[in-house]
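Working notes for the structure below.
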Amino acid sequence: MGIEINFDSRTSAQRVQEVLCARYGIDPALLYVGDLGEYSGPRLIAYVTPAPEGERYFACVLEGGPEFDEAIGGLTELQLATLLCKELDTRALIDDGGGAATSWILVTADGWHGRVIVDDDRLDDEFVILEALQPVPSAPEIPVVEPPDWQKGWYKDGKIPTSGFDPDDWRKPSEAAG
Amino acid sequence: MSNPGEIAAVIRAVLEALPVDALRAANTAAGESAERIAAATEGTGHDAPREALAHIAEGIERTGEALAGLGEIRERLNAYLAVLVPGVEAMVARPIAGPAGKRPITPPNRRHHLNSVGRKSQVREENTVILPGTDVRGDLDAIRRGEAAWLPDRDRCLVNGRLYGVEVPGTVYPDEGPGLVKLNRSEYKALKGLIEARGDMDSLPSALANNPAVTGADWQRAAEVYEHHKDYRSEDT
């Protein structure tokens with residue numbers, strides 16, 4: 001399946017690597033930190049791209065392949081993002097699994113998660129959160145809008161992602177859907 | 001106010017409020033009374049009734065002119081209504097179901113179109129690519145006209161065999177159907193790499209070649225889709 005987590009640009013890519021390697025016993029040589037275009041070495045299982053200088057928003061990116069999934073014990077993106085955000089005192093955006101490109105899940109440092117809407121016009125360049133689909137406890141300044149009544153159609157199984165601190169959300173999507 | 005139904009309702013209200021018939025009846029009655037007065041006072045030698053009758057006659061004439069103008073206005077409004085009403089009735093007969101009936105809908109972001117996929121195109125867990133020649137614009141027009149089926153159990157539009165969803169601001173996104181290809185995250189990344197390398201697997205961006213999430217099967221799937229790209233040459237890949 002693969003993992004992709006977009007951390008707040010102020011997040012240290014080095015720290016992401018350190019936490020992952022320490023927690024899951026991953027060889028640091030297989031979890032590269034830097035621009036993948038400049039990498040030459042053994043086949044990686046994951047990499048972390050630091051946010052470019054001056055980049056705001058969510059430009060520090062962790063990406064892992066199938067071997068990384070195995071190394072972290074099959075955690076979902078939401079589980080891993082929650083764990084890392086708490087550990088690194090940061091926040092991140094992850095895909096909400098739906099067809100609407102502007103709907104993402106925000107994970108905050110306190111372990112909370114919920115859906116937010118990002119600016120579609122800037123989405124190919126950067127993540128700019130416009131509004132949330134429910135209040136964000138640690139960021140009340142984010143405007144809240146009611147989700148449209150056709151939001152179910154964004155998800156192929158018709159299951160709308162939940163929000164909050166509920167540990168049930170840590171189950172794999174297929175289990176949580178039932 | 002842009003809703004034809006609202007416009008028609010206002011025109012009807014104005015037509016009802018126009019006092020044409022009442023004025024015409026009153027004017028006719030005034031003319032008849034003036035004639036009777038003229039007949040009764042004829043030969044009396046008094047100037048006052050004659051002068052008064054001249055004023056009344058002038059008033060009746062002016063009122064007649066105003067009535068002609070109002071009649072013209074009424075005629076034009078009725079003609080406008082005749083054009084407007086069939087459209088309004090059609091709308092009433094076939095309400096647009098789903099999001100398109102509630103807000104203006106806009107075309108899918110260009111990143112969905114194969115020939116517009118670029119290095120920076122945002123990648124999702126699932127990405128639907130529109131192949132060249134797919135009449136998405138026609139689909140959207142059909143949705144706007146209320147000709148698409150709204151599937152309430154799936155909260156998606158179905159038109160010409162293609163399913164579409166609608167984002168928060170009203171942007172339509174393609175889901176599945178003829179001319180639409182669904183790619184997962186790594187397949188879409190591989191496609192972006194192929195497009196950037198113009199189909200040459202030997203000159204792929206090194207960042208993608210090194211990407212642990214993109215596997216051989218992803219490249220194969222991406223190559224199948226790339227065959228529809230404007231830059232594809234049969235000797236590519």
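A, B, ... follow the sequence lines: proteins, then strands. Residue 1 opens every chain. Predicted, not measured: the structure shown is a model, and the values here were computed from it.
- The side-chain hydrogen bond (donor to acceptor under 3.5 Å, both in side chains) check on B/N160 picks up B/D139, with sequence neighbours excluded.
- Of the listed residues (A/D121, A/V145, A/T102), the greatest number of heavy-atom pairs within a distance under 4.5 Å of chain B belongs to A/T102.
- The environment of CZ in B/R110 is sparse: at most 12 heavy-atom neighbours from other residues, nucleotides or ligands sit within 6.0 Å.
- Between A/P148 and B/V168 the shortest side-chain heavy-atom distance falls below 4.5 Å.
- Side-chain contact between A/E4 and B/E125 is absent, with no heavy-atom pair separated by less than 4.5 Å.
- Without hydrogens or angle criteria, A/W150 side chain to B/V166 main chain gives a donor-acceptor distance under 3.5 Å.
- Looking at every heavy atom in both residues, A/R43 comes nearest to B/A209 through NH1-O, 4.1 Å.
- Among residues 102-109 of chain B, the residues having any heavy atom closer than 4.5 Å to a heavy atom of chain A are, in sequence order, B/K102, B/R103, B/N109.
- Heavy atoms closer than 4.5 Å to chain B are found in the backbone of A/I3, but not in its side chain.
- Residues B/E126 and A/K156 have side chains in contact (heavy-atom distance under 4.5 Å, counting atoms from C-beta outward).
- Salt-bridge formation is detected for the pair B/R111/A/D120: a Lys NZ or Arg NE/NH1/NH2 atom is positioned less than 4.0 Å from an Asp or Glu carboxylate oxygen.
- By the 6.0 Å contact criterion, CZ on A/R10 is open, its count of non-hydrogen atoms from other residues, nucleotides or ligands being 12 or less.
- Heavy atoms of A/I117 lying under 4.5 Å from chain B belong exclusively to its side chain.
- The closest donor-acceptor contact from the side chain of B/Q122 to the backbone of A/D124 lies at 3.5 Å or more, if one exists at all.
- Of residues 172-190 of chain B, those residues lying under 4.5 Å from chain A by any heavy-atom pair are B/Y173, B/R185, B/K189.
- Annotation: side chain to side chain donor-acceptor pair (under 3.5 Å) contacts involving residues 27-42 of chain A, sequence neighbours excluded, are absent.
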Pair B/D155-A/Q151, side chain to side chain contact (heavy atoms under 4.5 Å, CB included): steps then yes or no: CA-CA 7 Å; B/D155 274 344; A/Q151 59 169 330; over 6 Å; no
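- With a threshold of 4.5 angstrom between heavy atoms, A/D96 approaches chain B through its backbone and through its side chain.
- Within a 6.0 Å radius of CD in B/Q220, other residues, nucleotides and ligands contribute 12 heavy atoms or fewer.
- Residue A/E53 qualifies as open at atom CD: its count of foreign heavy atoms under 6.0 Å is 12 or below.
- Residues B/A213 and A/G64 come closest through the heavy atom pair CB-O, 3.8 Å.
- Most heavy-atom pairs under 4.5 Å with chain A: of the set B/G118, B/P152, B/S121, this distinction falls to B/S121.
- Between the B/R124 side chain and the A/D95 main chain, no donor and acceptor come within less than 3.5 Å of each other.
- The cationic atom of B/R156 (NZ for Lys, CZ for Arg) does not lie both less than 6.0 Å from the six-membered ring centre of A/W154 and within 45° of the ring axis.
- Proximity to chain B (any heavy atom under 4.5 Å) is shown, for A/A101, by both the backbone and the side chain.
- Of the listed residues A/E131, A/E77, A/E67, the one with more heavy-atom pairs under 4.5 angstrom with chain B than any other is A/E77.
- Looking at every heavy atom in both residues, A/P66 comes nearest to B/T215 through CG-CG2, 4.5 Å.
- Using a 4.5 Å cut-off between heavy atoms, B/P99 contacts chain A through both its backbone and its side chain.
- With a threshold of 4.5 angstrom between heavy atoms, B/D153 approaches chain A through N, CA, C or O but not through any side-chain atom.
- For B/E65, the CD atom sits in a packed shell: over 12 heavy atoms of surrounding residues, nucleotides or ligands are nearer than 6.0 Å.
- Neither the backbone nor the side chain of A/T49 comes within contact range of chain B, judged by heavy atoms closer than 4.5 Å.
- The heavy-atom pair separating A/L36 from B/A207 by the smallest distance is CD2-O, 3.1 Å.
- Heavy-atom pairs under 4.5 Å with chain A peak, among B/N210, B/V123, B/L151, B/N127, at B/N210.
- For the options B/L163, B/T171, B/N211, heavy-atom pairs under 4.5 Å to chain A are most numerous at B/N211.
- Proximity to chain A is absent for every atom of B/T128, based on heavy atoms less than 4.5 angstrom apart.
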